[in-house]
Each structure stands twice: as structure tokens, then as C-alpha cells.
Amino acid sequence: CQQVYFPSGTYVHAMLEDYTGVRTINVHVYPSKSDNDQTLGLCGTLNENRADDFMDRDGNLLRGEREFNTYWRYFTHDMVSLGLVGSTLQ
């Protein structure tokens, strides 16, 4: 279990879990009020407008959950290179 705190007050809680042999990482983001209209991704710009949710890094809307998941997917080698997990994760 890891928690990362940002200067804005936002924090991220991440936990690596094993569901019957399938390793997943669950990430929970707890944004601060200063993040409103300053974000991209699953919550769009974090303005309570569901029409702008599911965005890519450039602010373009993605077409639903499948495209969103594919776009934002990280593989083990990505997580290792970012320092999110140790190099021994398989």
C-alpha cells in the first residue's frame, strides 16, 4: 500500500492486489478543491460535469470505458520504469 501526497493537498492511495492469480493495482485519488477544473482522465476536469469525463492526456474525450482503459493502461515495465513498483514484480 502506497500513498503519495501532492502540494495541492491531493493524495493518491495505491494498492497492488492479487485476484486469483491476476495482479492488479487499485488506485484511489482524493483530490483537493484546488484541483477543480485542473485535471484530465477518468474524472474529466473534476467539475461534476459527466460529459467531459474519460479524457486523454491532451484533453480529448475518449469513447467509453474500453477506449479509456486501453489509453491509460500501464504494463509492468511501465510501472517499474516510473518507480511505482519494484523490478522483481512479475
Side-chain angles (χ1 to χ4, degrees):
C1 174
Q2 295 286 323
Q3 288 187 320
V4 178
Y5 293 87
F6 295 90
S8 67
T10 294
Y11 71 95
V12 177
H13 173 103
M15 184 180 299
L16 186 63
E17 297 187 16
D18 187 336
Y19 293 106
T20 62
V22 177
R23 290 187 178 178
T24 61
I25 187 167
N26 290 322
V27 178
H28 299 265
V29 179
Y30 300 91
S32 68
K33 289 184 179 185
S34 66
D35 290 316
N36 287 353
D37 291 319
Q38 303 295 316
T39 63
L40 297 173
L42 180 60
C43 297
T45 58
L46 197 58
N47 59 7
E48 297 185 31
N49 177 1
R50 290 185 177 199
D52 69 6
D53 292 354
F54 293 101
M55 298 176 101
D56 68 13
R57 290 175 187 87
D58 296 320
N60 302 306
L61 290 175
L62 300 170
R63 296 178 306 241
E65 293 175 20
R66 181 172 294 222
E67 186 176 5
F68 178 86
N69 289 340
T70 300
Y71 181 85
W72 287 100
R73 176 180 297 155
Y74 279 96
F75 294 97
T76 300
H77 64 274
D78 297 322
M79 292 188 290
V80 169
S81 68
L82 291 170
L84 299 175
V85 297
S87 61
T88 59
L89 180 69
Q90 300 203 0

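On a predicted model such as this, the values are computed, not experimentally measured, just so you know.
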Problem set entry | Residue among Asn36, Val12, Thr39, Leu46 satisfying side chain to side chain contact (heavy atoms under 4.5 Å, CB included) with Pro31 | Leu46

Exercise. Who else is in the cluster with Met15 when I, L, V, M, F, W and Y are joined by side-chain contacts under 4.5 Å?
Worked result: none

Problem set entry | Partner residues of Glu17 under the side chain to side chain donor-acceptor pair (under 3.5 Å) criterion, sequence neighbours left out | Tyr19, Asn26

Exercise. Can you name the side chain to side chain contact (heavy atoms under 4.5 Å, CB included) partners of Ser8, sequence neighbours left out?
Worked result: Phe6, Thr10, Ser32, Ser34, Asp35

Problem set entry | Check: Trp72 side chain, Met55 main-chain N or O, donor-acceptor pair, under 3.5 Å | yes

Exercise. What residues, two or more places apart in sequence or in another chain, satisfy side chain to side chain contact (heavy atoms under 4.5 Å, CB included) together with Asp37?
Worked result: Thr45, Asn47

Problem set entry | Pairs involving residues 60-70, ordered by first then second residue, that meet salt bridge (Lys or Arg N to Asp or Glu O under 4.0 Å) (sequence neighbours left out) | Arg63-Glu67

Exercise. What's in the same ILVMFWY side-chain cluster as Tyr30, cut-off under 4.5 Å, chained through other members?
Worked result: Tyr5, Tyr11

For this session: Compare every heavy atom of Ala51 with every heavy atom of Leu61, then report the nearest pair and how far apart it is.
Result: CD1-O, 3.6 Å

Problem set entry | Listed partners of Asp56 passing side chain to side chain contact (heavy atoms under 4.5 Å, CB included), at least two apart | Asp58, Asn60, Leu62, Tyr71

